[in-house]
Amino acid sequence: MELSVFALAIVALAVAILTMGVKIVPQGAEFTVERFGRYTTTLKPGLSLIIPFVDSIGAKLNMMEQVVDVPSQEVITRDNAMVTVDGVVFFQVLDAAKAAYEVTNLNNAILNLTMTNIRTVMGGMDLDELLSQRDKINTQLLRVVDEATESWGVKVTRIEIKDIAPPRDLVDAMARQMKAERDKRAAILEAEGLRQAAILKAEGEKQAQILSAEGRREAAFRDAEAREREAEAEARAVSSVSDAIAKGNVQAVNYFVAQKYVDALKEIASAPNEKLVLMPLEAASVIGALGGVADLAKKAFPGRE
């Protein structure tokens, strides 16, 4: 009986010792192994064995990308403006041994290193540059912090400045400056619009005057051409009448005298002083006058009708 109990104790002890030597490392983590307090190796994810009582687990490292919030802090810019800045840092442990034994409290070290470099980088910029070049700030911070943490077996993947808050009075001054700038642009645009409108109006008037002058020139040319044609027609008519008279045609004389008579009546009737019209205007009187003229023509050309 005593032998069986002893055997069971031996078996239990063996199982306990074997269990102490079996280590399961979860995915995304790595364990460092120390032998008598000295680092010997790193356990990767999965099942591993160590020597009980000789080896021990030193540090358990999270190998996944991690995030550290950077609390708000005040930064004085190069032009002596005080702003409040906060941000966030993304990093990943690449070497578990360095992360475990090259620095104490890795997250706190990265946080303090980032806050210090935020003051350094942003303190070397003017306020306007600070507010307008956030990508440049992030890039500079990433380069500086990543270089500093390389010896810790850490890769800093991103640093983002979340918020840059100037003081209230400075924000009000910036708002007034922005409003004044916009008012200035609006006034310039309005003046430019008025100038363009005046130019277009003058161009329009110029084109109108040119077109009007061209119209008058065209009309004068056509009037002169019409008078020329009329004179030519009159000359041909006179020539025809003269030829007819020379041939003894009395009707041609009647036509010629009647036409001149009617033209004379037209000019007298259109004169400003209409009281000077003394000649008979009735159609019968005109016909009578034409008949008298015809009689005169017959006397001038006896024996001709």
Side-chain angles (χ1 to χ4, degrees), residues 6-73 75 85-124 134-164:
F6 180 74
L8 289 176
I10 293 298
V11 170
L13 180 61
V15 171
I17 293 173
L18 182 61
T19 303
M20 292 174 60
V22 175
K23 298 298 178 183
I24 299 176
V25 180
Q27 185 66 39
E30 290 184 2
F31 296 168
T32 61
V33 178
E34 299 174 355
R35 180 168 296 171
F36 302 114
R38 183 173 180 272
Y39 168 78
T40 56
T41 187
T42 300
L43 301 182
K44 302 296 181 181
L47 181 61
S48 301
L49 297 175
I50 61 174
I51 302 174
F53 307 109
V54 176
D55 295 334
S56 61
I57 300 300
K60 299 179 179 180
L61 279 303
N62 184 354
M63 305 302 288
M64 295 182 289
E65 188 171 13
Q66 303 176 59
V67 181
V68 175
D69 285 327
V70 180
S72 299
Q73 61 176 328
V75 176
V85 182
D86 61 0
V88 62
V89 182
F90 297 83
F91 72 95
Q92 186 174 15
V93 176
L94 301 180
D95 191 326
K98 290 183 178 179
Y101 302 108
E102 295 294 335
V103 62
T104 303
N105 196 340
L106 178 63
N107 286 14
N108 188 52
I110 293 175
L111 174 62
N112 284 278
L113 182 64
T114 303
M115 294 179 66
T116 302
N117 282 282
I118 285 177
R119 289 193 293 270
T120 302
V121 172
M122 301 181 73
R134 187 170 300 191
D135 290 341
K136 179 181 177 182
I137 296 172
N138 294 336
T139 302
Q140 291 186 4
L141 285 173
L142 176 61
R143 179 177 55 80
V144 173
V145 176
D146 185 47
E147 289 178 357
T149 57
E150 185 177 1
S151 60
W152 300 343
V154 172
K155 174 64 178 177
V156 178
T157 55
R158 291 194 307 275
I159 296 180
E160 300 289 341
I161 298 298
K162 293 194 296 185
D163 190 23
I164 301 175

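Computation of the quantities below employed the complete heavy-atom set of this structure, encompassing side-chain atoms and omitting hydrogens, waters and symmetry-equivalent molecules.
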Working note: V89 + V156, criterion side chain to side chain contact (heavy atoms under 4.5 Å, CB included); need CA distance, chi angles, decisive distance, verdict. CA-CA 7 Å; V89 182; V156 178; 4.0 Å; yes

Identify the heavy atoms of [X] and [Y] that sit nearest to each other, and give their distance.
| X | Y | result |
| --- | --- | --- |
| K98 | G153 | CB-N, 3.8 Å |
| G123 | V75 | N-CG1, 4.0 Å |
| I57 | L43 | CD1-CD1, 3.7 Å |
| K23 | M20 | CE-O, 3.4 Å |
| N108 | N112 | O-ND2, 2.7 Å |
| P45 | P26 | CB-O, 3.6 Å |

Atom [atom1] of [X] and atom [atom2] of [Y]: how far apart are they, to the nearest 0.5 Å?
| X | Y | atom1 | atom2 | result |
| --- | --- | --- | --- | --- |
| D95 | S151 | CG | OG | 11.0 Å |
| L94 | K155 | CG | NZ | 8.0 Å |
| L141 | M115 | CG | CE | 12.5 Å |
| I118 | I159 | CD1 | CD1 | 7.0 Å |
| L106 | T149 | CG | OG1 | 8.5 Å |
| D135 | Q140 | CG | CD | 11.5 Å |

From CA spacing to verdict: side chain to side chain contact (heavy atoms under 4.5 Å, CB included), I17, F53: CA-CA 9 Å; I17 293 173; F53 307 109; 4.0 Å; yes

Looking at [Y], is its backbone amide N or carbonyl O close enough to the side chain of [X] to form a donor-acceptor pair, meaning the two atoms are under 3.5 Å apart?
| X | Y | answer |
| --- | --- | --- |
| T32 | A59 | yes |
| T157 | F90 | yes |
| Q92 | Q66 | no |
| N117 | L113 | yes |
| R134 | K162 | yes |
| E150 | D146 | no |

Step through the shown structure and confirm whether more than 12 heavy atoms of other residues, nucleotides or ligands are within 6.0 Å of NZ on K60.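 Count not over threshold, so no.
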
Between V70 and L111, does the side chain to side chain contact (heavy atoms under 4.5 Å, CB included) criterion hold? Intermediate values first, please. CA-CA 6 Å; V70 180; L111 174 62; 4.1 Å; yes

[X] vs [Y] side-chain heavy atoms within contact, under 4.5 Å:
| X | Y | result |
| --- | --- | --- |
| Y39 | V33 | no |
| Q27 | M63 | no |
| V25 | K44 | no |

Among T40, T41, D55, find the one that has a side chain to side chain donor-acceptor pair (under 3.5 Å) with R35.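 It is D55, the one option of T40, T41, D55 that forms the side chain to side chain donor-acceptor pair (under 3.5 Å) with R35.
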
The test is side chain to side chain contact (heavy atoms under 4.5 Å, CB included); show your working for V54 and F36 and say whether it passes. CA-CA 6 Å; V54 176; F36 302 114; 3.9 Å; yes

